[in-house]
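Worksheet for the structure shown next.
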Amino acid sequence: GAVDAWAFSEVSVLLAPRASRLPLPSATSGPPASASGEAGGPLGRRELLLGAAAGPASGWLLGAGRASAEEPSQAEFLVIAGAFAELDSDPDRAGAREALEGAEATLGEAIDRFEGPLNRSQEERAALRLGRARARVLQNDLARGTRPEKAALAVEDLDVVVGIMEDDFKRNPGKALYSEYPDALVRRGLAKEELKEWQGAVDDYSRAIAMWRPREGEEVGMGVNPLVLNFRGNALSQLRQFEPAVLDYEEAAAMFRTDGLLREASISLSNAALALYGSDREDEAVILMQDIVRKDPGITDMHVALAAVSWGAGKVGKAESEWQFACERINTGCQAYKDADWVANIRRWPPNLAAKLQNFLSRSSGADTLLAEVVEARTPDAWSFLR
C-alpha cells in the first residue's frame, strides 16, 4: 500500500512553511489578572480580540491600561473577530484572496482606531498587528510568492510588534520572558524569508532559539522548537553556511526522535542530507539518504534524490527502482519532481543535485537541460532546501 510521506502537513520542513500557520509554543492562561469588567463588558470584548488573535496572552504588558474613555463597541470587536476567523479558513477555498484582502483592510481600520483615538493597550495593538501580518503573508503565499510587497508590509507590522515587546522589557527590566516575544521573532524571520532576506531571517531565528535555551544559572529553559531549528538551517543553507545548517537539522532530528516523532526526525535528516550534498560532501549525503529510506521508506524526497544520484553514477537499475518506488508506492507520488521550476524554485534542491535529477528525467524523454539552466541562472543566495 501507499506510504504517507507528508506528516508535517502545513508546516512540512520539506515545503515552504506558512508563517501565518506556524504552531509555535504558546502559553495558555486565564483572563489577565489586571483586567476588570463584568460579563459582556470591556473584559469580555478585550478577550474576544485577544482570543481571536490566537489565544489569551500569558500576562505580558499587564497593567498597560487604556488611556481613552471611549470603548470599542461589541459590534466592532465582532467584526475584528470575523477578520481573524478568515485567517484560519481554508486558503484554497473560492474567494480566499478577496476574503484575505478584506481581513487585511478590516484589521487596518481597527489598528488606526486602536492606535489613534481609542488609544488602546499595547497588548491589543500588538494582537491586531500580528493578525494583519498573517493576512499579508497569506496573500503572498496564495500568490505563490508573486506578491512580495505583502510580505514586506508584514515585516513592518512585525517590527512594530517586536518593538512593543522590547519596550515592555526596557520599562520592566525584571520581567520574566514570555513566549510571545520569541514567537514574534520567528514569524518575522519567516516573513523575511519570503523576501529572500536570509541573514535577517537567521538573526531572528537565532534570537528566538537563544531565548528558548536555558539561561545562565537555569537548568531548564522554555524549550527550543525543533521546527525553528529547521527554519534556521534552511536560511543558513541559502547563505551557503552548510556546516551550521547541518548541525541545526541534526539537533532538530534528535529532539523529534526523543519526543517519539520519528517521521519528523526523518524529514529533518533529509534536509541535512541535502545540505551535505550541496556542500560537496556527496558520499556522506548518499549514506545518510540510504539510511533514511531504510528506516522510513515513506520519504519521497530521498527516493528521488537517490534516483538522481544513482543515475549519475551509472547505476541504472538502482535509479529506476528508487524512482518507481517514489512514483508508485508513496501516496504523494513523484509528479512534482518532474517540474523543473518546482524543484529549483519551490523545493530548492542544491544545484548540483537538481542538475543530476534533470539528467535522470531526460533519460527517455529527450528533454533538454531546462532545470540545469534554471539553476545556473539563479544567484547563489536564491536557493535553499526548505521550499
So do the side chains of [X] and [Y] get within less than 4.5 Å of each other, counting heavy atoms only?
{"X": "L118", "Y": "P72", "result": "yes"}
{"X": "M211", "Y": "L185", "result": "yes"}
{"X": "F114", "Y": "N119", "result": "no"}
{"X": "N225", "Y": "L229", "result": "no"}
{"X": "Y337", "Y": "T300", "result": "yes"}
{"X": "E282", "Y": "N352", "result": "yes"}
{"X": "R207", "Y": "P182", "result": "no"}
{"X": "V162", "Y": "R188", "result": "yes"}

Taking [Y]'s backbone N and O only, do any of them form a donor-acceptor pair with [X]'s side chain (distance below 3.5 Å, no angle check)?
{"X": "H303", "Y": "P297", "result": "yes"}
{"X": "R187", "Y": "A184", "result": "no"}
{"X": "N230", "Y": "Y249", "result": "no"}
{"X": "S310", "Y": "A307", "result": "no"}
{"X": "N172", "Y": "K175", "result": "no"}
{"X": "R125", "Y": "R120", "result": "yes"}

Salt bridge (Lys or Arg N to Asp or Glu O under 4.0 Å) for K192 and E194? Distances and angles first, verdict last. CA-CA 5 Å; K192 287 178 179 179; E194 299 200 6; over 6 Å; no

Rounded to the nearest 0.5 Å, what separates atom [atom1] in [X] from atom [atom2] in [Y]?
{"X": "L190", "Y": "L195", "atom1": "CG", "atom2": "CG", "value": "11.5 Å"}
{"X": "L142", "Y": "K150", "atom1": "CG", "atom2": "NZ", "value": "12.0 Å"}
{"X": "S121", "Y": "I164", "atom1": "OG", "atom2": "CD1", "value": "9.0 Å"}
{"X": "L306", "Y": "I299", "atom1": "CG", "atom2": "CD1", "value": "12.0 Å"}
{"X": "L288", "Y": "S270", "atom1": "CG", "atom2": "OG", "value": "7.5 Å"}
{"X": "N359", "Y": "K356", "atom1": "CG", "atom2": "NZ", "value": "9.0 Å"}

Smallest separation among heavy atoms of [X] and [Y], with atom names:
{"X": "A275", "Y": "S237", "value": "CB-OG, 4.2 Å"}
{"X": "G298", "Y": "R263", "value": "CA-NH2, 4.0 Å"}
{"X": "G108", "Y": "R132", "value": "CA-NH1, 3.5 Å"}
{"X": "A201", "Y": "G189", "value": "CB-O, 3.4 Å"}
{"X": "G131", "Y": "L87", "value": "O-CD1, 3.3 Å"}
{"X": "V161", "Y": "A126", "value": "CG2-O, 3.7 Å"}

Assess whether salt bridge (Lys or Arg N to Asp or Glu O under 4.0 Å) is satisfied between R136 and E156, documenting all intermediate values. CA-CA 11 Å; R136 288 169 163 174; E156 291 180 8; 5.6 Å; no

Which residues share a side-chain contact (heavy atoms from CB on, under 4.5 Å) with Q241, sequence neighbours left out: Q199, L236, L239, P244

Is [Y] reachable from [X] through a run of I, L, V, M, F, W or Y residues, each pair having side-chain heavy atoms under 4.5 Å apart?
{"X": "M222", "Y": "I209", "answer": "yes"}
{"X": "L128", "Y": "V155", "answer": "no"}
{"X": "L361", "Y": "V316", "answer": "yes"}
{"X": "L100", "Y": "L153", "answer": "no"}
{"X": "L247", "Y": "F242", "answer": "no"}

Set of residues satisfying side chain to side chain donor-acceptor pair (under 3.5 Å) with respect to E76, sequence neighbours excluded: R113

Take S362 and Q358, measure what side-chain hydrogen bond (donor to acceptor under 3.5 Å, both in side chains) needs, and give me the verdict at the end. CA-CA 6 Å; S362 300; Q358 179 59 26; 3.2 Å; yes

Check step by step if salt bridge (Lys or Arg N to Asp or Glu O under 4.0 Å) holds for R281 and E243. CA-CA 11 Å; R281 294 164 61 184; E243 297 303 325; 2.8 Å; yes

Stepwise, does the salt bridge (Lys or Arg N to Asp or Glu O under 4.0 Å) test hold for K318 with E322? CA-CA 6 Å; K318 172 68 171 175; E322 292 288 358; 2.6 Å; yes

Looking at D301, D296, D291, which hits side-chain hydrogen bond (donor to acceptor under 3.5 Å, both in side chains) with S266? D296

The residue among E104, R134, E149, R97 that forms side-chain hydrogen bond (donor to acceptor under 3.5 Å, both in side chains) with Q139 is E104

Residue pair Q324 / S321, side-chain donor-acceptor N/O under 3.5 Å: no

Give the intermediate values and the outcome of side-chain hydrogen bond (donor to acceptor under 3.5 Å, both in side chains) for residues E284 and Y277. CA-CA 8 Å; E284 293 176 70; Y277 207 94; over 6 Å; no

Mind running ring-ring contact (aromatic ring centres under 6.0 Å, His included) on F169 and Y178 for me, showing each step along the way? CA-CA 10 Å; F169 285 118; Y178 39 78; 4.8 Å; yes

Between Y205 and F231, how do the two ring planes meet: parallel, tilted or perpendicular, split at 30° and 60°? tilted

Check the orientation of W323 and F360. Use parallel for under 30°, tilted for 30 to 60°, and perpendicular for over 60°. perpendicular

Table please: side-chain donor-acceptor pairs of residues 250-262 below 3.5 Å, with sequence neighbours left out.
unit_1	atom_1	unit_2	atom_2	d
E251	OE1	R213	NH2	3.1
E251	OE2	R213	NH1	3.0
E251	OE2	R213	NH2	3.3
T258	OG1	A254	O	2.9

